[in-house]
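Remember, it's 1-based here, ligands and their atoms both numbered in the order they're listed. All of these numbers come straight from a predicted model, not from anything done at the bench.
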Amino acid sequence: MAQRIAIFGAGYIGLVTAACFAELGHTVAVRDIDSDKIAALQAGRIPIFEPGLAELIARNAGRLSFTVDADDAAADAQVVFVCVDTPPTASGDADLSRVWSVVDSMKGAAHLSAFVVKSTVPVGTGARIRAVLDTAGLRHVGYAANPEFTAEGRAVQDFMHPDRVVIGTDDHATAELLAAVHDGIDGPVMAMDVRSAEAVKLMANALLATKISFANEAAAICEATGADVNLVMDAVGADARLGRGFLNAGIGWGGSCFPKDTIGLKALAVNGGYHPQLLSAVIEVNELTRRRAVIRLKEELGTLDGKTVAVLGMTFKPGTDDMRESPATVIVDRLLTEGATVRSWDPMAQPQTTPPWSSTTRCASPLDALTGSDAAMLVTEWPELRDVDWPEAAAAMAAPVLFDGRNLLEPGAMADAGFTYLSVGRATVRG
Ligand code: UDX
């Protein structure tokens, strides 16, 4: 049955959730404190890039509204979804201030049926929110944790066809209501208690991050022993118990989730008196992987001081304009510190005005960035980089040396193009 829903937070998750619920037939009010963002949305402009999102919002415009007023958003709602961000604090704990300000704005919302947190929060947060709602006279309002597992660039697809929908609640009526809200979504509902649902999100991201760090450590061992990490991971991942996904070696993970959630889970464990050794190593391998990329280029060139390096890709992965925690930022910072000049290219990243990017030159095309450079680092696997005329690029560079941080290109073809081609967990080839 169609519900009236209020979504708090118009970021990636909030907007995708709102658009998909509207597509399912619900009426959705979206509230954000950023008045510019709300004004843009009211004018039909979508402030983020996410494939399919603009079309979904346009198609369901009649069921979607946008406001900065919390009372307005909640006035009619039966179910509130909290989709605000929870960035790490200085100590690595999750900053819940935005979640608490939504909870505070519910004090007069006695008409609500359910209050649902989609934001990633530490295990135990639901119990604290429950207590505050009870004290505010909202004991009758159901509480649920409903973590999201959508990846940027495919968030709409992930939302509509998920591997699972996790609904964590301690009361049966709220579980049924939330299952009904998700009616029409093509994926199984897994119902559980609030704490377990809160833990699922953190554990899932930690295990995905573990697979990536494993692949990156495997790559270093392959480099030392002469094996090819791509071939090894293809065969390792062919075992159905392991799976090939998230075993791509590269320059490490970034983005809005893995860095924050691995640090958050570690903080949660340590605060509870447990030292998470495996998780700590997973985080450390990720940090080393980025630095090792620059070390390998430095070893190849002898020095980076005075060299011009083309950095191809800026975002944390292709298909998004998101620069949050991008490994490219660490790599550029290291290159500059080593004395290199950086010419960068990215098809989608917004202009960057803060360090280290403010000390780089942004180029209009890969060839533009490569022309005259002493070396190049491919850090985001944008598909258009496959289509670069690499022989032409080799001729245009001062020295044709390329470190492929994503194993996007073929070693044989790059050697034929005239490159000294370094990649991750594979032998260096020289043209
Ligand atoms: C991730 C999770 O996939 C998603 O379920 C969760 O809700 C949010 O975090 P996202 O951050 O959008 O999604 O990106 P994802 O596609 O998972 O990639 C994360 C990072 O890992 C990227 O920097 C990517 O380049 C890197 N990665 C991924 C690898 O280095 N190797 C891989 O094999 C896979």
Side-chain angles (χ1 to χ4, degrees), residues 11-14 16-17 48-51 53 83 85-86 118-121 146-159 161-166 187 197-198 200-220 229-230 232-234 236-237 242-265 282-283 285-290 292-293 313-331 346 348-349 378-383 385 404-408 423-425:
Y12 280 92
I13 300 306
V16 170
T17 304
I48 56 162
F49 174 77
E50 188 61 42
L53 181 64
C83 300
D85 56 339
T86 52
K118 217 174 223 327
S119 304
T120 304
V121 294
N146 174 221
E148 55 80 26
F149 305 98
T150 53
E152 284 177 30
R154 42 168 299 146
V156 170
Q157 162 81 11
D158 283 349
F159 195 100
H161 307 278
D163 291 336
R164 74 301 208 190
V165 173
V166 171
E198 289 168 341
V200 171
K201 170 65 187 269
L202 295 169
M203 299 296 178
N205 277 351
L207 187 51
L208 290 167
T210 301
K211 288 189 83 175
I212 300 171
S213 277
F214 180 84
N216 285 328
E217 192 156 280
V229 76
N230 282 16
V232 173
M233 288 304 146
D234 283 348
V236 168
L242 300 171
R244 179 64 179 84
F246 284 75
L247 286 179
N248 291 325
I251 50 164
W253 75 71
S256 63
C257 284
F258 288 172
K260 170 173 80 72
D261 291 353
T262 48
I263 291 169
L265 184 58
V282 164
I283 294 168
V285 167
N286 197 52
E287 286 162 357
L288 290 176
T289 298
R290 300 160 175 194
R292 236 169 59 79
M314 296 166 63
T315 55
F316 82 98
K317 67 175 187 179
T320 174
D321 61 356
D322 199 340
M323 289 288 294
R324 284 179 288 179
E325 300 289 332
S326 178
T329 304
V330 175
I331 285 176
D346 191 281
M348 220 175 249
L378 190 164
V379 298
T380 315
E381 65 275 38
W382 286 104
L385 290 171
D404 182 351
R406 299 292 189 173
N407 290 357
L408 180 74
S423 54
V424 182

Checking R324 side chain against G255 main chain: does a donor-acceptor pair fall under 3.5 Å? no
Main chain of W253, side chain of R290: is a donor-acceptor contact present, judged purely on distance under 3.5 Å? yes
Over all atoms of both residues, closest heavy-atom pair of N205 and C257: ND2-CB, 3.8 Å
Which heavy atom of the protein is the closest neighbour of atom 11 (O) of ligand 1, given with residue, atom name and distance? F316 CE1, 3.5 Å
Interfacing atoms of ligand 1 (cut-off 4.0 Å, heavy-atom, A151): 3 (O), 12 (O), 13 (O)
Numbering the atoms of ligand 1 from 1, which are under 4.0 Å from a heavy atom of K317? 10 (P), 12 (O), 14 (O), 15 (P), 16 (O)
Do the side chains of F258 and N286 get nearer than 4.5 Å, heavy atoms only? no
Answer yes or no: is there a donor N or O on one side and an acceptor on the other, between the side chain of T380 and the main chain of T315, under 3.5 Å? yes
protein heavy-atom neighbour closest to atom 33 (O) of ligand 1 works out as N248 N, 2.9 Å
Nearest non-hydrogen protein atom, atom 27 (N) of ligand 1: I212 CD1, 3.4 Å
Can you tell me which residue and heavy atom of the protein come closest to atom 34 (C) of ligand 1, and the distance to 0.1 Å? F246 CD2, 3.5 Å
What atoms of ligand 1 come within less than 4.0 Å of a heavy atom belonging to E152? 12 (O)
Please identify which atoms of ligand 1 are closer than 4.0 Å to at least one heavy atom of C257. 8 (C), 9 (O)
Determine whether a donor-acceptor pair (N or O, by modelled atom type, separation under 3.5 Å) exists between the side chain of N407 and the backbone of V424. yes
Given W253, F149, F258, identify the one with the heavy atom nearest to atom 2 (C) of ligand 1. F258
Just to be sure I read this right, does ligand 1 sit under 4.0 Å from the backbone of T320, its side chain, both, or neither, counting only heavy atoms? neither
Using heavy atoms and a 4.0 Å limit, tell me yes or no: is G254 in contact with ligand 1? yes
What are the atoms of ligand 1, with element, lying closer than 4.0 Å to any heavy atom of T150? 4 (C), 6 (C), 7 (O), 8 (C)
For ligand 1, is any non-hydrogen atom under 4.0 Å from K211's backbone (N, CA, C, O), its side chain (CB onward), both, or neither? neither
Would a distance-only check, ignoring hydrogens and angles, find a side-chain to backbone donor-acceptor pair under 3.5 Å from S326 to M314? yes
So, are E381 and K317 salt-bridged, with charged N and O less than 4.0 Å apart? no
Counting only heavy atoms, which portion of L247 has something under 4.0 Å from ligand 1: side chain, backbone, both, or neither? backbone
State, with a plain yes or no, whether a side-chain heavy atom of D234 is found less than 4.5 Å away from one of R244. yes
Looking at R406, which atoms of ligand 1 are within less than 4.0 Å of one of its heavy atoms? 25 (O), 30 (O)
Test your reading of the model: is there a side-chain donor-acceptor pair from E50 to the backbone of A155, 3.5 Å cut-off? yes
